K.L.:
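Okay, handing you the structure first.
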Amino acid sequence: MDNPKLISVQVRRGDKNESELVAYEVPLEDGQSVLGVLQYIYDHLDPSIGFTCSCRIGLCSSCLMRVNGKVVQSCTTLADGDMVIEPYKEDTLVRDLVTELPLISRASLSKPNI
Amino acid sequence: MNLHIEEELCCDVLVIGTEGTGARAALEAAEHGADVLAVTKGFMARSGATLTADGEIDVDSRSARNLFGVDGSPDDSPEQFARDMILEGDYLGDQRLVAIHTEEAPARVKELVDWGAQLEGFIQAPGHTYPRGLWIPGLKLARLLARRMVKRGISILENTMVLELLHDDDGVLGAVALHLPTGRLLLLRSRAIVMATGGAMRVFPLTTAPEELTGDGMAMALRCGAALQDMEFPMFLPYCFLTPPSLRGVIFPYDVSTLMEVHALNRNGERYMARWDPERMERTTRDINSVAAAMEIRAGRCSKAGGTYLSFKHLPRNLVDFSAEWFPGNLRNWRASGFNLRNFFLYIGEEAWEVAPASHFWNGGIRIDEHCATGVPGLFAAGEGTAGIHGANRLAGNALTMTQVWGKRAGLFASRFAKNKKLRKPPNVEVEHVVQTIARLKTESSGPTVIEVRREIRRIAGDLVGIIREEKKLQQALKAIADLRRDLARQHVVNQDPRFNREWVEGLQNENSLDVLEAIVRPSIARQESRGAMYRVDYPATDDDRWLCNLILRRKDDQWEMQEAPVNSIYLSLPTGTRRYGRKGESNRG
């Protein structure tokens, strides 16, 4: 791609107590996914961004996010323009887009979550 | 990063990895009364390779027929299945392990069915003399096992990356782990450990495997004194999407190539498979397809994105359209894993797809015996990332079988071992040593970023190791690895937020991936022939007189030791002479 189109990507960063939308400019490749856009931000712009993913092919649901208000798997959702990416649930937010509380089925682990 | 242990957990058996193999091991160990702690870097049933498996789990055809009433052949047997495995593995499989594998497979699948698994089909894949592939999608299998673990009350720790095993001369003592959501270091004390962490496919730039598969278990076992074997045989799957970016590594085009007559083309529009297997063309085996594509790419006859083309433009439009209806379950209607290809291609079949071979499976790994023992007292290993079952190449559908047969065995033998052992306290000095290793990931370091290191690992793996190997490039790889090893000690991390810090995880994974990468390169240099999943362009023939041996690696005081071990061939005699790469070797007796 010679002159890739730049899109504006706003990502909700922070935790339950405090969060804000942080804007990034990302070159849009044809056929890129929302997860690919986040990977670009992590690789090139801001490695502090928090998100989870695993299979990257739409099977595992580790990368659920709210993209432009809609809860989707970010790996199979195509990035086709400006977007707002937010955690898909607030009550179990760890940081940024990491919203899952890990399962700790063991009583002896005190204060399991944060 | 907090530089001290914040929590201590004790158990009889520590299982590292919670998917197909780890879950089965944990269930078995618990069944025998062990207090089990199962740890996973990701989320249970939502990470790891098991859930990405299309769905075949192999058992011999006769047992499939007798146990499940499917249309299997009564002429098949565990012995015949073992024979096919040994042939596909190009005679490098440990025949004692292979025999156990095919003997125990039927009972393991029967258990899954008893536990609620639905068999959704029964197929015959290439390399199998009879139909053997019972269809249980990997995602359903992973969820079934996870539910059973929770029901069984097994302790499960998700999002926790094990960093290093602790041991002394008498065996394993436990492990140090990083709890990702909090960034806290945990000391996990145990009497026995089962390593079930899978392969290292993520070392390569194009792969079908999930994020977690970075070779952590193999590298930790190696550093703990265990041996690695057959590491020169990572398996590649031909015809995986190279572009568009979101589809990278998706295996759908390969699936199509097994179901319809497709044409693999280079940039000149030639069906280059004619140079490799003029009879079977694209229907030849996966390894030949991968090597042929890699040779085209190497010769500069690559596609625009650097791969090759897969075309079915020669097929009539209504035929192509109809295939969307009859393709097997999870492929129907142009479903490619979680994608709908109609979102990407205006009319499917009009354009050729840009594809390339992707790293798909790890044939080699930790050397184990029939009890899943590694030689380090208390350290057991099973599943992908252990050697000897598949030899130099794996049969289709046999990965899921491996998880169940060997997961169960590892759980059984680890729980037995744990019964006779005391829980010993790891010496503070050793714990401190591990903690200090982790503490290297500090902001003030002047080295390359963890992202740069990851890129360099994948560059070396892709450009200098890859599918087509040769002495000159492998030596360059060794040099590049040595250079990178110096940088590894001073990887630069920007973010110091302890909560779910991707850079920390990557930095720690980089250390493991680099060990694994070097463990591929060293035996690849030594083995001056082509066999199974390994192709040497400077030694293209298969040499049964010289190279029917397993190459075994150890690491002592930062020095590598490699030795040749004779293949265990108690059932099927080994072939002799030399043969063309891809031609099956013939055993003298069965």
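All values reported here derive from a predicted model rather than from experimental measurement.
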K.L.:
Where on Leu51(B) is there a heavy atom nearer than 4.5 Å to chain A: the side chain, the backbone, both, or neither?
P.N.:
both
K.L.:
Could you tell me which portion of Cys75(A) (side chain, backbone, both or neither) has an atom closer than 4.5 angstrom to a non-hydrogen atom of chain B?
P.N.:
backbone
K.L.:
Roughly how far, to the nearest 0.5 Å, is the CD1 atom of Ile57(A) from the CD1 atom of Ile251(B)?
P.N.:
7.0 Å
K.L.:
Of all heavy-atom pairs between Arg46(B) and Ser61(A), which one has the smallest distance, and what is that distance?
P.N.:
NH2-O, 2.8 Å
K.L.:
Which residues in residues 31-38 of chain A have any heavy atom closer than 4.5 Å to a heavy atom of chain B?
P.N.:
Gly31(A), Gln32(A), Ser33(A)
K.L.:
Thr52(A) versus Glu211(B): any side-chain heavy-atom pair under 4.5 Å?
P.N.:
no
K.L.:
Can you list the residues of residues 6-27 of chain A that sit under 4.5 Å from chain B, counting heavy atoms only?
P.N.:
Asp15(A)
K.L.:
When rounded to the nearest 0.5 angstrom, what is the spacing between CZ in Arg95(A) and OG1 in Thr182(B)?
P.N.:
12.5 Å
K.L.:
Let's test your reading of the structure: which of Ser337(B), Pro244(B), Ser246(B) forms the most heavy-atom pairs below 4.5 Å with chain A?
P.N.:
Ser246(B)
K.L.:
Would you say the side chain of Val98(A) lies within less than 4.5 Å of the side chain of Pro181(B), judging by non-hydrogen atoms?
P.N.:
no
K.L.:
With only heavy atoms counted, which part of Glu503(B) is less than 4.5 Å from chain A, the side chain, the backbone, both or neither?
P.N.:
both
K.L.:
Can you tell me how far apart CZ (Phe51(A)) and CZ (Arg502(B)) are? Round to the nearest 0.5 Å.
P.N.:
3.5 Å
K.L.:
Got Asp96(A) and Phe500(B) here, is their nearest side-chain heavy-atom distance under 4.5 Å?
P.N.:
no
K.L.:
Taking salt bridge (Lys or Arg N to Asp or Glu O under 4.0 Å) as the test, write out the residues that go with Asp82(A), two or more places apart.
P.N.:
none
K.L.:
Compare all side-chain heavy atoms of Pro47(A) with those of Val494(B) and state whether any distance is below 4.5 angstrom.
P.N.:
yes
K.L.:
For Arg202(B), is it the side chain, the backbone, both, or neither that has a heavy atom closer than 4.5 Å to a heavy atom of chain A?
P.N.:
side chain
K.L.:
With rounding to the nearest 0.5 Å, note down the distance linking CG in Asn495(B) to CG in Asp46(A).
P.N.:
8.0 Å
K.L.:
Between Arg499(B) and Val94(A), which heavy-atom pair has the shortest distance, and what is it?
P.N.:
NH1-O, 3.7 Å
K.L.:
On a heavy-atom basis, which atom in Leu139(B) and which in Leu59(A) lie closest, and how many Å separate them?
P.N.:
CD2-O, 3.7 Å
K.L.:
Supply the atom-to-atom distance Leu247(B) CG to Leu78(A) CG, rounded to the nearest 0.5 angstrom.
P.N.:
8.0 Å
K.L.:
Quick one: salt bridge (Lys or Arg N to Asp or Glu O under 4.0 Å) partners of Arg152(B), sequence neighbours excluded?
P.N.:
Glu31(B)
K.L.:
Highest number of heavy-atom pairs under 4.5 Å with chain B: which of Gly58(A), Ser54(A), Ser48(A)?
P.N.:
Ser54(A)
K.L.:
Do Arg56(A) and Val250(B) come close enough that some side-chain heavy atom pair is under 4.5 Å?
P.N.:
no
K.L.:
Below 4.5 Å from any heavy atom of chain A, which atoms of Glu452(B) appear? Answer side chain, backbone, both or neither.
P.N.:
neither
